Asker: 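The structure's right below; bear with me while I get my questions together.
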Protein chains: 2
Amino acid sequence: MATIRDVAKLAGVSVATISRYLNKSGYVNVETEQKIKKAIEALNYEPNAVARGLAGKKTNTIALILPDISNPFFPELARAVEDVASMYGYTVILCNSDDEGVKEKSYIEVLKKKYIDGIIFASNTLDSSDVEQMTKKGIPVVCLDRVPPKQSCSVVRSKNREGAKLAVEHLLDMGCRKIAHIYGPQEFITAKERLAGYEESVKHLDWYSPTFMIQGDFRIEGGIRATELLMERHPDVDAIFAGNDLMAVGALKALHRMGVQVPGQVAVCGFDGIGMTEITQPELTTVAQPIYEMGALVSRILIKKIEGTLEADQTYELDVALVPRESTLRRNGHESS
Amino acid sequence: MATIRDVAKLAGVSVATISRYLNKSGYVNVETEQKIKKAIEALNYEPNAVARGLAGKKTNTIALILPDISNPFFPELARAVEDVASMYGYTVILCNSDDEGVKEKSYIEVLKKKYIDGIIFASNTLDSSDVEQMTKKGIPVVCLDRVPPKQSCSVVRSKNREGAKLAVEHLLDMGCRKIAHIYGPQEFITAKERLAGYEESVKHLDWYSPTFMIQGDFRIEGGIRATELLMERHPDVDAIFAGNDLMAVGALKALHRMGVQVPGQVAVCGFDGIGMTEITQPELTTVAQPIYEMGALVSRILIKKIEGTLEADQTYELDVALVPRESTLRRNGHESS
DNA sequence: CTGCTATGTGGTACCGGTTACACATCGATT
DNA sequence: AATCGATGTGTAACCGGTACCACATAGCAG
């Protein structure tokens with residue numbers, strides 16, 4: 001591997017000139033430029049990224065910290081982040097935190113030592129003090145979903161409350177009269193907001209009762225258990241709005257086992273819009289977040305922040321969209337309201 | 001951030017001693033050790049990974065190059081790779097190649113400049129000359145599935161041919177008599193081997209005909225199209241063995257649309273063992289690869305290779321296991337043979 | 001007493017870039 | 001003619017580690 005000094009020698013100029021040429025910083029005579037070009041070509045020279053990193057404290061590397069890449073929500077997000085990053089010449093380090101603060105912090109330590117340029121957090125554990133510390137130390141941070149109290153970083157999220165309302169409205173539209181909600185762990189702000197949206201939409205209805213709200217764990221298993229509990233408690237429920245798609249899948253499974261027809265007896269609606277919703281039977285109606293766009297946006301924002309072209313930190317709330325599918329299709333649609 | 005020179009000054013020793021202490025290379029007096037410890041503590045010193053990288057050409061970073069993290073096969077693999085890597089103090093860079101040679105090569109260029117310690121290839125595009133070049137330049141490589149002709153690196157794969165046979169046997173066991181196969185793109189060695197296993201298992205049967213083999217694209221859409229074509233060509237087929245789970249899901253969808261009962265009229269079996277197979281209706285029988293184990297193993301091998309504790313390059317062929325589920329459950333099971 | 005090995009430490013070149021600063025040239029301005 | 005800004009280039013310190021080599025001391029074998 002040729003070094004910048006080799007190039008300098010061959011081109012008959014100093015390393016400073018080569019460096020200026022490479023970074024387009026400072027003046028370089030056109031003729032000199034030609035000589036340098038030739039030398040670089042001849043030596044097949046490629047600047048060493050690590051040396052650059054050491055000298056300039058910039059590594060063109062960002063980190064993506066998420067709970068678990070095996071969770072079907074994240075691969076698409078990660079893909080988007082990586083796509084955008086690589087487009088801008090950045091490389092992505094993947095970190096699975098399992099939503100454990102300890103792991104997160106230890107990743108952060110390692111990443112700092114590696115002069116990472118910035119971090120994307122798609123994690124719920126992170127407390128605002130961490131974010132603040134990062135920001136203070138000059139490491140740009142962008143968060144997904146989670147808003148650290150003291151808006152010390154940009155955030156990308158989607159309209160969970162509105163989404164929940166969309167779901168409930170849709171179910172009402174389809175003629176459902178008793179709509180239950182399986183909500184996610186309340187440490188997750190998304191779960192909280194979706195629950196709030198649901199409650200807001202149904203609290204004025206005559207059948208409303210807190211017993212229609214059951215806690216799940218944002219996973220299939222929890223969706224199953226919650227549905228079993230729910231159907232025992234309220235056999236007359238005719239719709240389930242799950243706080244995320246995985247729990248909706250669980251609901252589907254549980255109902256199928258119980259011999260309950262979907263959507264005939266009970267309609268089911270999820271939230272997130274992960275790919276799985278298209279392969280269930282029946283296909284699952286869901287409130288889709290623009291997952292890829294969220295990833296692309298968060299990545300773009302981080303890079304802007306790194307490169308100093310971001311005016312100010314901001315919270316971006318992306319629109320969600322109801323994707324009606326079989327699981328909420330009722331022959332008596334549009335009968336109500 | 002404190003540097004090693006700050007520590008040296010405070011401890012009253014030279015940087016060389018600090019370095020020796022940190023790396024446990026060479027002698028350090030116990031008392032000196034104490035002083036150094038104290039100084040490090042006081043300054044909250046953490047050695048700089050980039051500087052280390054530059055000096056030692058070792059960055060404790062590996063790269064995982066795969067076609068697309070959104071493909072449901074890979075998240076679990078990536079998770080395993082990252083788990084093991086982080087256990088050994090390595091960080092993982094994620095690269096999506098889309099199976100395009102150009103992208104792969106450009107990633108490799110970037111990674112080399114970053115002094116990456118090693119690469120895991122879970123990609124099919126890579127030709128052996130690339131691998132050889134890598135190896136020649138001293139960058140350890142481990143491959144998944146794909147065996148570069150001149151065994152210039154370790155490989156982890158699973159028993160595709162045997163798996164295909166397991167699938168066919170199982171279908172025969174369940175009383176199926178005409179078993180079709182939807183095979184994947186033949187550039188993929190896995191697809192080739194599974195097809196070969198299928199052919200070997202059925203070629204001696206009286207109904208055997210090449211028309212029972214249809215090409216798919218390893219994705220849901222291709223599974224759908226292949227199934228449509230197949231059912232038109234052979235309405236009497238009573239089992240479909242798909243070359244991977246995604247195509248099996250496609251088959252399920254297509255059959256459902258056509259009103260064909262699964263498993264009543266046609267049984268369906270996939271290959272891979274991705275999570276999706278548990279949420280289809282009916283749940284999908286599949287030949288499961290030990291995905292997590294494969295990722296963990298490939299990661300472990302790479303790290304061994306990096307650290308020089310790998311004796312010799314080798315090909316590891318992991319066992320697959322038939323996971324029988326509803327999609328192949330026939331009431332007349334065990335009637336045949 | 002000499003020589004050898006084990007222990008312990010420091011000086012400094014080196015990894016391969018970036019960049020502040022000094023210096024030189026030259027046409028334009030006053 | 002003196003001054004100034006734009007252009008162009010080189011020297012060398014610096015980023016923060018690693019590691020080779022020199023050197024010192026001490027115990028022990030011959």
Side-chain angles (χ1 to χ4, degrees), chain A residues 1-37 39-40 43-61 89 109-117 137-138, chain B residues 1-37 39-40 43-61 89 109-117 137-138:
Chain A
M1 275 289 107
T3 76
I4 198 173
R5 287 170 230 268
D6 298 330
V7 178
K9 198 165 293 174
L10 184 59
V13 296
S14 76
V15 294
T17 306
I18 309 290
S19 180
R20 270 185 304 251
Y21 165 77
L22 290 172
N23 304 298
K24 302 191 187 326
S25 58
Y27 301 105
V28 177
N29 186 297
V30 268
E31 292 167 36
T32 315
E33 207 171 300
Q34 292 312 313
K35 286 192 288 182
I36 295 177
K37 256 186 201 156
I40 288 178
L43 294 171
N44 199 1
Y45 168 74
E46 299 264 13
N48 179 312
V50 180
R52 271 191 165 164
L54 180 59
K57 301 188 180 330
K58 174 92 169 24
T59 54
N60 282 276
T61 306
E109 284 315 305
V110 174
L111 296 172
K112 274 199 295 199
K113 287 190 226 167
K114 293 203 177 188
Y115 279 168
I116 213 85
D117 295 332
K137 291 199 176 162
Chain B
M1 274 288 107
T3 76
I4 197 171
R5 287 169 229 269
D6 298 332
V7 178
K9 198 164 292 175
L10 184 59
V13 296
S14 75
V15 294
T17 305
I18 309 290
S19 179
R20 269 187 306 254
Y21 165 79
L22 290 172
N23 304 297
K24 302 191 188 325
S25 57
Y27 301 105
V28 177
N29 186 298
V30 269
E31 292 167 35
T32 315
E33 208 172 298
Q34 293 311 314
K35 286 192 288 183
I36 295 176
K37 256 186 201 156
I40 288 178
L43 295 171
N44 200 0
Y45 168 73
E46 298 263 14
N48 179 311
V50 180
R52 273 191 163 163
L54 179 59
K57 302 189 181 329
K58 174 91 169 31
T59 54
N60 281 279
T61 306
E109 285 313 306
V110 175
L111 297 171
K112 274 200 295 199
K113 287 190 228 167
K114 294 203 176 187
Y115 279 166
I116 213 85
D117 294 332
K137 292 199 177 164

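Residue numbers begin at 1 in each chain, while the letters A, B, ... track the order of the sequences. No hydrogens, no waters, no symmetry mates; every other heavy atom, side chains included, goes into these values. On a predicted model such as this, the values are computed, not experimentally measured, just so you know.
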Asker: Let me know the distance between CG of B:L54 and C1' of D:dC14, rounded to the nearest Å.
Answerer: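 Going from CG in B:L54 over to C1' in D:dC14 covers 12 Å.
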Asker: Ignoring backbone atoms, test whether B:K57 places a side-chain nitrogen or oxygen under 4.0 Å from the OP1 or OP2 oxygen of D:dT18.
Answerer: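 No, outside the criterion.
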Asker: Which whole-number value in Å describes the distance from A:I18 CD1 to D:dT11 P?
Answerer: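 Taking atom P of D:dT11 as the reference, CD1 of A:I18 is at 13 Å.
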Asker: Going by modelled atom types, is there a donor-acceptor pair between the base of C:dG17 and the side chain of A:R5 at under 3.5 Å?
Answerer: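 Such a pair exists between side chain and base.
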Asker: Identify whether any heavy atom of A:Y115 sits under 4.0 Å from a base atom; if not, whether one sits that close to sugar-phosphate; answer base, sugar-phosphate or nothing.
Answerer: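 Answer is sugar-phosphate: A:Y115 comes under 4.0 Å of backbone atoms only.
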Asker: Roughly, in whole Å, what's the span from CD1 in B:I4 to P in D:dA19?
Answerer: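 Taking CD1 of B:I4 and P of D:dA19, I get 11 Å after rounding.
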Asker: Where the side chain of A:S19 is defined as all heavy atoms beyond and including C-beta, which of D:dG16, C:dT19, C:dG16 is the nearest nucleotide?
Answerer: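 Comparing D:dG16, C:dT19, C:dG16 against the side chain of A:S19, the answer is C:dT19.
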Asker: Rounded to the nearest angstrom, tell me the gap between atom OH in B:Y21 and atom P in D:dG17.
Answerer: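 Atom OH in B:Y21 sits about 15 Å away from atom P in D:dG17.
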Asker: Between B:K113 (NZ) and C:dC15 (C1'), how many Å, whole number?
Answerer: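 Taking atom C1' of C:dC15 as the reference, NZ of B:K113 is at 18 Å.
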Asker: Give the minimum heavy-atom separation between A:A8 and A:S14, together with the two atoms involved.
Answerer: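 Taking A:A8 first and A:S14 second, the nearest heavy atoms are CB-C, 3.8 Å.
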Asker: Return the minimal non-hydrogen interatomic distance between A:N23 and A:R52, and the atom names on each side.
Answerer: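 Between these two residues, the closest heavy atoms are OD1-NH2, 3.4 Å.
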Asker: Might you point out which heavy atoms bring B:P47 and A:K113 nearest each other, and give the distance in Å?
Answerer: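 Nearest pair, atom of B:P47 first, then A:K113: O-CD, 3.4 Å.
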Asker: Can you tell me the distance, in whole Å, between the NZ atom of B:K114 and the C1' atom of C:dC15?
Answerer: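 Interatomic distance, NZ of B:K114 to C1' of C:dC15: 18 Å.
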Asker: What pair of heavy atoms forms the shortest contact from A:V15 to A:I4, and how long is it?
Answerer: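 Smallest heavy-atom distance, with atoms named: O-CD1, 3.8 Å.
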Asker: Remember a base hit wins even if backbone is also touched, and classify B:Y45 as base, sugar-phosphate or nothing at under 4.0 Å, heavy atoms.
Answerer: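 Answer is sugar-phosphate: B:Y45 comes under 4.0 Å of backbone atoms only.
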Asker: Does the pair A:Y21 and A:I40 meet the rule for a side-chain contact (heavy atoms from CB on, under 4.5 Å), with working shown?
Answerer: CA-CA 11 Å; A:Y21 165 77; A:I40 288 178; 3.7 Å; yes
Asker: Would you classify B:E31 as touching base, sugar-phosphate or nothing, given that sugar-phosphate means primed atoms plus P, OP1 and OP2, and contacts are heavy atoms under 4.0 Å?
Answerer: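 If one applies the 4.0 Å heavy-atom cut-off, B:E31 turns out to touch nothing in the nucleic acid.
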Asker: Pick the nucleotide of DNA chain C nearest each of B:A51 and A:L22; which residue has the one closer to the 5' end?
Answerer: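 In this pair, the answer is B:A51.
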Asker: Using a cut-off of strictly less than 4.0 Å, decide whether B:N23 has a side-chain nitrogen or oxygen near OP1 or OP2 of D:dT18.
Answerer: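 B:N23 to D:dT18 OP1/OP2: side-chain N or O found under 4.0 Å.
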Asker: Would you find a donor on one side and an acceptor on the other, under 3.5 Å apart, between the side chain of A:K114 and the backbone of A:T59?
Answerer: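 Not confirmed, A:K114 side chain does not pair with A:T59 backbone.
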Asker: Find the distance A:M1:CE to C:dG17:C1' and express it as a whole number of Å.
Answerer: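 Those two atoms, CE and C1', are 15 Å apart.
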Asker: D:dT18 C1' sits how many Å from B:N48 CG, rounded?
Answerer: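 So the two atoms are 13 Å apart, to the nearest Å.
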Asker: Could you write out each protein N or O paired with an N or O of nucleotides 5-10 of chain D at a distance under 3.5 Å?
Answerer:
from: D:dT7; atom 1: OP2; to: A:Y27; atom 2: OH; distance (Å): 2.3
from: D:dT9; atom 1: OP1; to: A:T32; atom 2: OG1; distance (Å): 2.4
from: D:dT9; atom 1: OP2; to: A:N29; atom 2: N; distance (Å): 2.7
from: D:dT9; atom 1: OP2; to: A:T32; atom 2: OG1; distance (Å): 3.2
from: D:dG10; atom 1: OP2; to: A:S14; atom 2: N; distance (Å): 2.7
from: D:dG10; atom 1: OP2; to: A:S14; atom 2: OG; distance (Å): 3.2
from: D:dG10; atom 1: OP2; to: A:T17; atom 2: OG1; distance (Å): 2.9
from: D:dG10; atom 1: N7; to: A:R20; atom 2: NH2; distance (Å): 3.4
from: D:dG10; atom 1: O6; to: A:R20; atom 2: NH1; distance (Å): 3.2

Asker: Check B:N48 against B:V50 and note the closest heavy-atom contact, atom names and distance.
Answerer: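 Here B:N48 and B:V50 meet closest at OD1-N, 2.7 Å.
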